[in-house]
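Everything on this sheet refers to the single structure shown next.
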Amino acid sequence: MIRLEKRPQPSQLWTAITPLVAVLLTMIVGGLMFAALGTDPLEAIRTIFWDPLFHDRFASFSRPQLLVKAGPLVLIAIGLSIGFRAGIWNIGAEGQYIIGAICGAAAGLAFYPSESVLIFPLMILCGALGGWLWAMIPAVLKTRFGTNEILVSLMLVYVAQNILISVSTGLLRNPEGMGFPGSRNFKQWDATHNAEIFANTGMHWGVVAALIAVIAAYVLMARHIQGFNIRLMGEAPRAARFSGVNPARIVFLCLGIAGVLAGMAGLFEVTGPAGQITGSFNAGYGFTAIIVAFLGRLHPIGILLAGLLMALTYIGGELAQLTLGVPGASIQLFQGMLLFFLLGLDVFTNYRLRIGHKEVA
Amino acid sequence: MDLSSINPVLLVASIMISATPILLAAIGEMVVEKSGVLNLGVEGMMITGAVVGFAVAVNTTSPGLGFVAAAVAGAVLSLTFGLLTQFMLSNQVATGLGLTLAGLGLSSLIGKPYEGIKSPTLPKFEIPLLSDLPILGKMLFSHDVMVYFSLLLVAAVWAFLKYTRAGLILRAVGESHDSAHALGYKVVYIRLFAILFGGACAGLGGAYLSLVRVPQWTEGMTAGAGWIALAIVVFASWRAGRVLIGAYLFGGVTVLQLNLQAAGANVPVALLSASPYLITILVLVVISARGAHGAPASLGRSFHASN
């Protein structure tokens with residue numbers, strides 16, 4: 001008989017190796033999936049995880065993409081992870097990301113065609129503010145009326161998407177765009193273009209912001225009293241209340257941070273890699289960031305690594321789509337699988353597998 | 001705006017059709033939550049049901065088989081969630097989210113070859129005598145069989161939870177899994193069973209979207225219907241009758257905003273399209289503000305016999 005026995009202490013070994021085992025299992029099961037789709041599994045796995053970094057022909061193009069894709073993922077996931085630590089389930093980062101992009105872009109477009117150096121910082125500010133405002137809706141409703149933040153933040157994603165479609169064909173549409181939907185292209189407007197800081201590295205301002213967020217989150221969670229309160233609220237809500245932690249403040253803090261970071265990610269994306277506001281500029285980063293946050297064990301450094309890994313599956317996935325004809329959706333499934341394995345394996349952190357009969361105490 | 005173009009008979013009939021997918025998913029999820037499990041993967045199970053049901057119906061030209069396959073697909077997907085949360089004790093919120101993400105990926109993978117095809121759809125099933133009634137007959141009694149099935153299912157779930165021993169045990173497991181365990185009930189298996197039922201219902205709801213309501217397959221076609229089903233369970237305070245009311249209210253909003261769009265109402269289209277989600281938020285706020293929740297006490301908590 002196989003059964004689980006509670007460990008007296010969580011296993012540090014398992015905490016550390018779970019993500020690695022999960023990645024390995026995903027590769028194996030993912031390989032089987034590719035085999036079922038009629039692709040050589042070893043070649044598929046190599047194309048996704050190895051070629052983007054080391055292939056002679058592709059690597060020079062795809063290596064910088066790693067930072068481009070990881071930037072927004074890490075930025076959003078850092079914000080989400082702080083909330084998750086406190087038991088605040090903001091899963092509407094996609095909406096905060098979209099509204100941040102719209103607000104930031106609108107602030108910039110209002111000054112077209114000025115080339116002032118102040119425009120870009122202003123846009124970042126407005127992007128952060130937009131994301132923050134959008135995140136404040138579930139925060140206010142939760143603290144005021146006890147409304148479930150999971151459902152509200154998620155509903156707001158669909159609302160944001162409708163707003164996005166509306167502004168890209170109306171309010172923010174490029175007046176010189178010959179009637180096509182979509183805003184002016186920020187790539188053609190130097191003052192607002194979120195360009196690479198060093199050529200051919202993929203390093204843009206969003207990546208810089210992500211790195212700063214990683215450090216700031218690390219300091220907050222490990223060294224600051226609010227970080228302690230956040231963790232306390234997640235792990236022992238009653239104890240938190242007795243020690244004087246104000247739950248409403250934590251809700252505002254956590255959702256606020258997540259909103260600001262997601263909004264900034266949206267702005268950096270729309271002024272950089274995406275280039276313009278269109279009905280579909282958002283690449284689902286807000287949802288993938290949830291996986292990144294868990295894969296990174298809700299720890300800033302872990303999230304940085306997880307973001308890079310997830311970016312690799314995106315790029316490798318595109319490469320596999322191109323060279324092997326693997327359907328793009330299989331990568332999304334691949335990412336979901338990774339999360340499943342991780343969550344499932346987590347049990348071994350707190351429990352130990354016992355094979356044999358139960359001893360009578 | 002020309003409101004006279006809206007025919008009240010057709011309006012009620014289309015509200016029933018528009019409410020059915022959410023009703024099916026919501027009643028299934030209610031049973032799951034009654035057993036103390038929060039499965040946030042409804043959206044993922046729905047869309048998997050939608051694509052599998054569509055694929056099977058197209059290949060066999062039988063919508064009936066499509067529905068059966070969709071229910072099985074939803075249940076199989078929910079089994080992943082069940083195994084992870086019940087045996088591996090994973091966090092229910094995170095696992096449910098993972099289920100949705102995986103379901104969305106899986107569905108677009110399966111659905112690629114089926115884009116742009118029209119599915120065989122369910123014939124109208126006229127109930128003898130009743131459907132001959134003037135006005136009411138067309139409004140309420142000339143639908144396809146799944147509409148009636150969803151209503152029967154709500155009644156069955158209500159009766160099961162209220163009057164049967166098994167229903168009582170299910171509720172006991174949801175209220176206090178430790179007490180239920182002490183009384184000798186198999187908490188894990190009961191929950192697993194509820195999860196499978198919820199998955200099958202969500203699958204049926206998804207298939208109703210792709211086979212009847214829209215009848216075709218487009219990527220991401222559930223567009224949040226699964227999440228709205230979750231919200232309706234909260235709205236209903238975990239009661240079957242109110243799930244019905246919630247789903248029909250929501251169906252009403254959806255149909256009404258489409259009708260207003262068609263009638264050229266002087267309201268921005270984005271606002272109309274977003275209105276079902278906005279109204280869901282509004283309803284959640286009103287329900288939560290009242291404070292009368294009635295959520296099962298063990299909802300979302302993992303159970304392990306050693307604790």
Side-chain angles (χ1 to χ4, degrees), chain A residues 3-6 33 37 84 87 89 91 137-138 141-142 144-148 150-152 154-167 169-170 284 287-288 290-291 293-294 326-348 350-351, chain B residues 38 40 43-44 80-81 83-85 87-91 93-112 219 223-224 227-228 230-231 234 268-281 284-291 293 302 304-307:
Chain A
R3 64 203 169 77
L4 294 168
E5 188 181 274
K6 188 141 189 157
M33 177 182 84
L37 290 169
F84 292 169
W89 298 96
I91 53 173
I137 301 173
L141 296 183
K142 184 180 174 68
R144 260 289 170 85
F145 307 108
T147 313
N148 181 319
I150 299 177
L151 293 171
V152 172
L154 204 105
M155 289 294 132
L156 287 171
V157 174
Y158 296 98
V159 177
Q161 269 165 4
N162 277 304
I163 295 176
L164 175 64
I165 292 167
S166 165
V167 296
T169 52
F287 291 118
T288 313
I290 298 172
I291 303 182
F294 280 107
V326 167
S330 57
I331 300 307
Q332 205 182 349
L333 189 59
F334 210 75
Q335 294 173 344
M337 226 188 283
L338 186 57
L339 180 62
F340 275 152
F341 280 121
L342 188 82
L343 292 169
L345 289 169
D346 247 357
V347 74
F348 300 117
N350 290 310
Y351 293 84
Chain B
L38 180 65
L40 293 181
E43 178 88 359
T80 339
F81 173 85
L83 293 177
L84 282 168
T85 57
F87 291 106
M88 308 298 272
L89 307 173
S90 68
N91 178 308
V93 174
T95 314
L97 291 175
L99 194 68
T100 289
L101 295 173
L104 288 171
L106 185 67
S107 67
S108 52
L109 188 61
I110 299 174
K112 259 281 164 281
E219 212 176 303
W227 295 102
I228 285 162
L230 276 158
V234 179
V269 174
L271 190 63
L272 282 176
S273 312
S275 62
Y277 309 105
L278 288 170
I279 285 172
T280 305
I281 294 175
L284 279 174
V285 168
V286 172
I287 294 295
S288 312
R290 272 203 343 226
H293 290 308
S302 301
H304 185 252
S306 72
N307 291 333

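Residue numbers start from 1 in every chain, and the chains themselves are labelled A, B, ... in the order their sequence lines are given, proteins ahead of strands.
For F348(A), the part lying near chain B is the side chain, with the backbone staying farther off; criterion is any non-hydrogen pair under 4.5 Å. Both the backbone and the side chain of L343(A) come within contact range of chain B, with heavy atoms under 4.5 Å apart. Heavy atoms of I150(A) lying under 4.5 Å from chain B belong exclusively to its side chain. Neither the backbone nor the side chain of F81(B) comes within contact range of chain A, judged by heavy atoms closer than 4.5 Å. Only the side chain of L339(A) comes within contact range of chain B, with at least one heavy atom under 4.5 Å from a heavy atom of that chain. With a 4.5 Å cut-off on non-hydrogen atoms, L106(B) touches chain A through its backbone and its side chain both.
Between the CG atom of L97(B) and the CD1 atom of I91(A) there is a distance of 4.5 Å, given to the nearest 0.5 Å. Atom CG of L230(B) sits about 6.0 Å away from atom CG of L151(A), to the nearest 0.5 Å. Separating the CG atom in L104(B) from the CZ atom in F287(A) is a distance of 8.5 Å, to the nearest 0.5 Å. To the nearest 0.5 Å, atom CD1 of residue I279(B) and atom CE of residue M155(A) are 12.5 Å apart. With rounding to the nearest 0.5 angstrom, the CG atom of L101(B) is 11.5 Å from the CG atom of L338(A). The distance from the CZ atom of F341(A) to the CE atom of M88(B) is 10.0 Å, given to the nearest 0.5 Å.
With chain A as the partner, the residue from P268(B), S90(B), A94(B) showing the most heavy-atom pairs under 4.5 Å is A94(B). Of the listed residues L83(B), T280(B), V269(B), V286(B), the one with more heavy-atom pairs under 4.5 angstrom with chain A than any other is T280(B). Between chain A and the residues L99(B), L40(B), L278(B), T80(B), the largest count of heavy-atom pairs under 4.5 Å involves L99(B). Contacts with chain B were tallied for G336(A), A329(A), P138(A), S330(A); A329(A) has the most, counting heavy-atom pairs under 4.5 Å. When each of L154(A), L141(A), D346(A) is scored by its heavy-atom pairs under 4.5 Å with chain B, the top score falls to L154(A).
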Q | side chain to side chain contact (heavy atoms under 4.5 Å, CB included) evaluation trace for L156(A) with Y277(B) | A | CA-CA 7 Å; L156(A) 287 171; Y277(B) 309 105; over 6 Å; no

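Put simply, the side chain of Y158(A) gets close to the backbone of G224(B): a donor and an acceptor are under 3.5 Å apart.
At a threshold of 4.5 Å between non-hydrogen side-chain atoms, the residues N91(B) and F294(A) do not count as touching.
Of all the heavy atoms in L333(A) and A102(B), the pair that sits closest is CD1-O, 3.4 Å. Of all the heavy atoms in G105(B) and Q332(A), the pair that sits closest is CA-OE1, 3.5 Å.
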